[in-house]
Amino acid sequence: MAKIAENKDNKVGSTKKWLIALAVLVLIAVIVTLIVLLVPANTFSAIERLKQVSGTSFLQSNNERSNFNKVISRVSSSSLRRYSTELNDMITLSDDISIVLEYYDEHMIFAEENSTLKKNYKAIRNNLEDSINTQQSMNGIIAEINGLSENSDSHLQNLVIEFRGEFTDYISHMTKAFGALENCLDDCFNYTFTDNMSLNLTLMATTDFMTAITDDFETLLKTDKKGYTAQDYSYQSHGKIEVFDDFLQRHIIDDSDIKTYFFDDDVKTEYSTINNYFSTYLQDDFVPMIKSIENSGNYNISLTFQTEDSFGYFDAAKKFINERSA
Amino acid sequence: MKKRHVLTVCLAGLLAATSLAMLGCGDKADKTNPYQDYQTAISTYKSDATLFKTGSIYGVNTDFYFNNFNQKTSSGSKLEDDKNYIILNAVAMNFIEKYYVEIADMQDKDFAGLRSTIQGLNSSFEVVKQDSKNLVNSDSSANYEIYNGFFANYKSSARTFANNAYNAALTLGNFIMNETGVTSQLSEEQCPSTVIRFYVDFQLLKVYDDYRTLLLDSAQGQELDTNGLYNTASSYTSIYSYLYSKDLASSSADERTQMVEFFKYVDGERAKTRKALDNFSLYEFVNGYDGTIDAYLKENEFAEIYYNQIQDYFSGANAYLQQIYSYFASNILA
């Protein structure tokens, strides 16, 4: 009889412990929920990080540029001179990234703190912080290359490919940051004059250019590895980077379309036609068109459509990306 | 059991007492129509011939022209001072004078905001009235330096009065917009021309308030002759005045709806610019940092961004206020 009573006591004690554990778990869940709901999101941290990075991104300091130019000189006078165009394009692309960062930096301080900003600020901040770390890694490799002795082309190739890997990470972080920033500029500036179709299409195209170029570099990392020869090397980004640079000069440096959109019916018509391209052909973005930019000649867009376009939407979209002077 | 019962009763009592206290301490609505306050204020201001005269500035007629708004030269001759003070004040006071009558028959509204602004205006009137009197009294007896000292006081209190005039005018305008449903009336097929006129005058008032914020607040009411932004904005206060003499163009319900939509964007851009002006002092920029943005950046890392927004709004090739002027002239006014 005593044993049965003992067993009964043990069972009751065990149940009580489970109840206490459950109560503790519920309490923790309530506390965490309250913290998430009541502690405000530090969205300003993204804006501060953007301000910091926009002034100091890769190759914007004279020192960094000078050191990188030494790398290009070294590579150009070696058996690895096939990498020269790619390395020079990295300067152009880095300058273009700086232009885009500065453009977003000009606007984000005025962003409305709404749900879109709260959803995107971490992606902005974290990717920009990762870009700073990657920039430091790139500078480390640059210093190593510049410290190499004369006859070490195979070691030089290894370092250049390693550098390409870091650079690819860098532009990948920037692409993700731009995507999140684009979401904010679309949605955190309701009822301002710059909140218009020309801005939306320009920023969308900017992110798409970065996506296409990043994809190219990621492919290059797989196809040109340490010890590979010139026959294996196929660099496809030159045309895209040249066109991207020109695109930014026409639409970001000269942002008159964005600023006059509301007041100029011709500008409204132009961008409405470009926008109709997407409605008619149901394409999500410009990436396929950008990816088809040729590497030589006039950097033509080689993507064509079987569907007859009597309205000129496709031509308008092509011109938007790559209007070349005669 | 008894203890728990007592505790529950005490807690309930505390809760009830707290609720009553909060109700008691809350803002009480002011249901007394301040129409008479406006009427008295306008009549009093107009009757003070030392402070105000009837005049015309840049084509805008007003009974609230700052009288004796002059500096003296060493030879004793008088030069009319900063016309921006005169036009800015005239626009706000004209708006109050024209539209306070709209509240005459209103009942059962919360008039607290309106009353507060007219009281603020009355207080600053007393100060500027006395300063203008002191100036006039010093005219014959004092040398030009002492006269100009009195003028500095008059100018300072005139600035405060003009700022309060905008506070009063904008509060009145927002009150009428909300309480008479102006926006929904504008979208009706048959909309009275008086409603359209009010709406257009209110948008013009807000533009002038933009100039007031730049010239009287950010520039601290000082003429910054060395600054391109200041000069361009200053010149536009006269250009905008041409719009006051123009009649309304005829408009359909759709066109008026588009107009309302357009001014939502103006308000949005304005909010950005006000944030910039809250964080960037044009006076400090010119006088404290010698017009050098790099120097200002050391105090405020966003200074250049704010300055660019202010320039985009007020001056430069595609300045928004210049484009808004064209919109008024082409779409709204005949």
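In what follows, every heavy atom counts, from backbone to side chain, and hydrogens, waters and symmetry copies are set aside. By convention in this document, chain letters (A, B, ...) are assigned in the order of the sequence lines, proteins followed by strands, and residues within each chain are numbered from 1.
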Do you know which of A/Glu48, A/His107, A/Lys51 has the most heavy-atom pairs under 4.5 Å to chain B? A/Lys51

For B/Lys206, look at atom NZ and say whether over 12 heavy atoms of other residues, nucleotides or ligands are found less than 6.0 Å away. yes

Looking at A/Lys268, I'd like to know if its NZ atom is crowded, meaning that more than 12 non-hydrogen atoms belonging to other residues, nucleotides or ligands lie closer than 6.0 Å. yes

Proximal to chain A - members of residues 238-269 of chain B, heavy-atom separation under 4.5 Å: B/Glu261, B/Phe262, B/Lys264, B/Tyr265, B/Val266, B/Gly268, B/Glu269

Contact class of [X] relative to chain A, heavy atoms under 4.5 angstrom:
| X | answer |
| --- | --- |
| B/Glu304 | neither |
| B/Ala276 | both |
| B/Asn279 | neither |

Only counting residues at least two apart or in another chain, list the ones meeting ring-ring contact (aromatic ring centres under 6.0 Å, His included) with B/Tyr320. A/Phe193

Does any N or O in the side chain of B/Lys275 come within less than 3.5 Å of the main-chain N or O of A/Ile109, such that one atom is a donor and the other an acceptor? yes

To the nearest 0.5 angstrom, please state how far the OH atom of A/Tyr261 sits from the CG atom of B/Asn318. 16.0 Å

Which atoms of A/Asp264 are under 4.5 Å from chain B, going by heavy atoms: the side chain, the backbone, both sets, or neither? neither

